[in-house]
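Reading through the structure tokens given below for one structure.
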Protein chains: 2
Amino acid sequence: MSSHASVPAFRPLYRQIQDLIVQALADKEWLPGEMIPSEMDLAARFEVSQGTVRRAIDELAAENLLVRRQGKGTFVATHADPRAFFRFLRLVPDEGGVPRSRSEPLECQTLRAGQEVAKALSIPYGDPVIQLRRILRLDSKPMVVDEIYLPADLFPDLTLDQLKASDRSLYTLFESLFGVRMVRAEEKIRAVAADPVAAQLLDLEVGTPLLSVERTAFTYGDRAAEWRRGLYSTVNHHYFNELG
Amino acid sequence: MSSHASVPAFRPLYRQIQDLIVQALADKEWLPGEMIPSEMDLAARFEVSQGTVRRAIDELAAENLLVRRQGKGTFVATHADPRAFFRFLRLVPDEGGVPRSRSEPLECQTLRAGQEVAKALSIPYGDPVIQLRRILRLDSKPMVVDEIYLPADLFPDLTLDQLKASDRSLYTLFESLFGVRMVRAEEKIRAVAADPVAAQLLDLEVGTPLLSVERTAFTYGDRAAEWRRGLYSTVNHHYFNELG
DNA sequence: CAGTGGTCTAGACCACGTG
DNA sequence: ACGTGGTCTAGACCACTGA
């Protein structure tokens with residue numbers, strides 16, 4: 001009998017299947033948007049019953065890794081799906097529906113991770129990272145200025161031109177160019193006063209209260225793959241959140 | 001064949017069972033913290049298989065209406081459970097663990113709903129509402145000033161003395177005194193400058209950037225049961241959010 | 001029509017908590 | 001030892017999609 005009971009010491013079969021599917025996703029066996037094999041096929045492959053595969057897929061669908069479509073099949077979730085888009089952009093207009101958003105890249109350079117970035121990305125101090133700066137426009141008004149850091153090894157040779165050429169969201173771009181899908185993220189939100197640079201970019205008075213939103217985003221297997229700090233104007237918009 | 005296909009026109013059995021259980025909860029048949037009947041008993045009561053009841057309870061547990069405890073039974077979720085507490089208070093210290101929180105009620109009066117409050121609570125303009133003002137202290141420092149509105153019919157004869165006598169959270173109090181459990185909430189977050197009143201209460205300079213957090217909270221059946229506006233100091237704390 | 005996921009059931013057995 | 005929820009399986013049938 002084990003003395004320290006902190007480890008579960010029992011892993012249900014459907015969780016093991018779940019892990020195997022996540023591993024296959026991390027190995028890029030099926031890419032974002034593609035259909036994965038049917039429940040029957042996976043049951044044969046893993047040598048379990050169809051019901052057990054079903055349970056595993058159910059949980060992965062609940063975590064937004066997979067999307068079920070009755071009659072068609074089960075697909076790898078993708079940010080290209082518009083429903084997925086506003087799960088990660090929570091700034092919405094006070095009145096009116098969903099805004100048209102447009103990303104305007106300003107800068108893209110490779111540098112070495114400082115203490116803060118290294119810690120946020122769980123990489124060694126001094127490792128190469130890509131720094132990206134951009135403005136996000138909602139209905140063509142500048143609403144967010146972002147500073148984004150990416151571990152360079154996951155995004156080889158990302159250039160400003162690639163960013164400028166895309167009219168899709170950043171995460172959609174990361175998927176299609178590098179096969180890196182952001183699965184979940186954590187945000188820390190504070191209220192700060194606009195500094196001169198942010199004020200100019202957002203077309204506001206210096207000192208205007210802004211939301212500071214720090215985000216760490218994770219890909220399959222809870223690997224940190226992005227850290228960013230955004231300054232959000234909340235004059236005619238607000239950050240919307242749902243508490244479950 | 002129905003022409004407008006917008007209505008599902010097919011409601012799975014387990015969803016119907018789900019609805020019946022929620023109805024029983026809304027009818028206060030089982031109170032927060034109490035155990036509900038076993039899956040077998042409910043299966044007999046609703047004349048379906050145990051597996052179907054199981055599926056219904058699974059979904060309600062995922063929505064935090066019920067809590068399963070293996071070997072013991074299934075219980076009505078309650079805010080008295082410390083795990084539930086920080087689902088609704090997302091302000092955490094920049095460094096260090098969970099803070100000790102303490103609510104300091106300032107005022108409690110009944111008045112008539114203005115346009116804004118009536119709309120937020122989905123009640124007629126002019127209906128009686130209870131207005132509550134309070135300060136929330138984290139580790140004994142004032143961090144949040146709240147203005148809270150409640151539909152008076154759900155909280156009969158709530159007094160300032162009752163609030164002052166309690167050392168538990170507001171939502172725990174609402175459960176034990178009125179059987180009203182807050183199930184989910186929506187928040188709208190903005191950055192604002194501290195006005196003189198808030199600045200004094202939070203012990204900050206006038207003009208300090210603060211988070212303005214407007215919350216509508218819902219009880220069983222998505223009935224709005226609270227609206228509040230809080231001003232959060234984010235000098236040494238931040239609002240933490242997880243994006244799924 | 002065939003193939004996919006979705007629902008419902010029944011039964012066997014496991015893990016956990018309490019007496 | 002008993003009752004609770006938790007897992008796994010097998011099979012029948014329903015609902016949706018697309019060729």
Side-chain angles (χ1 to χ4, degrees), chain A residues 1-21 30 33-78 81 83, chain B residues 1-21 30 33-78 81 83:
Chain A
M1 190 157 281
S2 71
S3 43
H4 311 294
S6 60
V7 175
F10 170 67
R11 191 151 188 76
L13 194 46
Y14 72 85
R15 284 216 185 281
Q16 302 177 39
I17 304 301
Q18 231 177 293
D19 294 343
L20 291 173
I21 294 175
W30 314 298
E34 287 182 5
M35 186 166 78
I36 73 171
S38 75
E39 296 179 351
M40 279 309 201
D41 289 353
L42 289 173
R45 163 166 166 179
F46 298 129
E47 297 180 290
V48 296
S49 79
Q50 183 254 8
T52 300
V53 169
R54 178 167 200 75
R55 175 93 188 252
I57 291 178
D58 278 345
E59 304 231 336
L60 294 174
E63 294 170 22
N64 298 305
L65 294 199
L66 299 175
V67 176
R68 291 173 162 296
R69 278 183 252 181
Q70 183 170 107
K72 296 171 57 167
T74 301
F75 299 77
V76 182
T78 166
D81 181 341
R83 286 171 307 214
Chain B
M1 191 160 284
S2 70
S3 42
H4 312 293
S6 61
V7 176
F10 170 67
R11 191 152 187 75
L13 196 45
Y14 72 85
R15 283 215 185 280
Q16 302 177 39
I17 305 302
Q18 229 178 297
D19 294 343
L20 291 173
I21 295 175
W30 314 298
E34 288 182 4
M35 184 166 79
I36 73 170
S38 75
E39 295 179 351
M40 280 307 201
D41 289 352
L42 289 173
R45 164 167 165 178
F46 297 129
E47 297 180 291
V48 296
S49 79
Q50 183 255 7
T52 299
V53 170
R54 177 168 201 76
R55 175 94 189 252
I57 291 177
D58 278 344
E59 304 231 335
L60 295 174
E63 295 170 23
N64 298 305
L65 295 199
L66 299 175
V67 176
R68 292 174 162 295
R69 279 182 250 177
Q70 182 172 103
K72 297 179 42 174
T74 300
F75 299 77
V76 182
T78 166
D81 181 341
R83 286 171 306 215

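Order of the sequence lines sets the chain letters (A, B, ...), proteins ahead of strands, with each chain counted from 1.
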In whole angstroms, how far is the P atom of C:dA15 from the CZ atom of A:R11?
15 Å

Side chain to side chain contact (heavy atoms under 4.5 Å, CB included) for B:E63 and B:L60? Distances and angles first, verdict last.
CA-CA 5 Å; B:E63 295 170 23; B:L60 295 174; 4.2 Å; yes

Taking atom C1' of D:dC16 as reference, at what distance in whole Å does atom CZ of A:R69 sit?
13 Å

Quickly work out the A:R15 CZ to D:dT7 P distance and round it to whole Å.
7 Å

If you measure from CD1 on B:I36 to CZ on B:F75, what distance do you get to the nearest 0.5 Å?
9.5 Å

For residues 37-68 of chain A, which residues have at least one heavy atom under 4.0 Å from DNA chain C?
A:S38, A:E39, A:R54, A:R68

Could you please spell out the steps behind the side chain to side chain contact (heavy atoms under 4.5 Å, CB included) verdict for A:Y14 and A:V48?
CA-CA 9 Å; A:Y14 72 85; A:V48 296; over 6 Å; no

Which pairs, protein N/O on one side and nucleotides 17-19 of chain D N/O on the other, fall under 3.5 Å?
none

Begin from the C-alpha positions of B:L65 and B:I21 and carry the test side chain to side chain contact (heavy atoms under 4.5 Å, CB included) through to its verdict.
CA-CA 10 Å; B:L65 295 199; B:I21 295 175; over 6 Å; no

Distance in Å, B:Q16 CD paired with B:R11 CZ, rounded so as to fall on 0.5 Å steps
7.0 Å

As an exercise, state the distance from CD1 of A:I57 to OG1 of A:T74, rounded to the nearest 0.5 Å.
4.5 Å

Please tell me if A:Y14 has a side-chain N or O lying less than 4.0 Å from either OP1 or OP2 of D:dC8.
no

So B:R68 and B:D58, side chain to side chain contact (heavy atoms under 4.5 Å, CB included) or not? Walk me through it.
CA-CA 9 Å; B:R68 292 174 162 295; B:D58 278 344; 3.0 Å; yes

Pairing residues for B:S38 by the side-chain contact (heavy atoms from CB on, under 4.5 Å) criterion, not counting sequence neighbours:
B:M40, B:D41

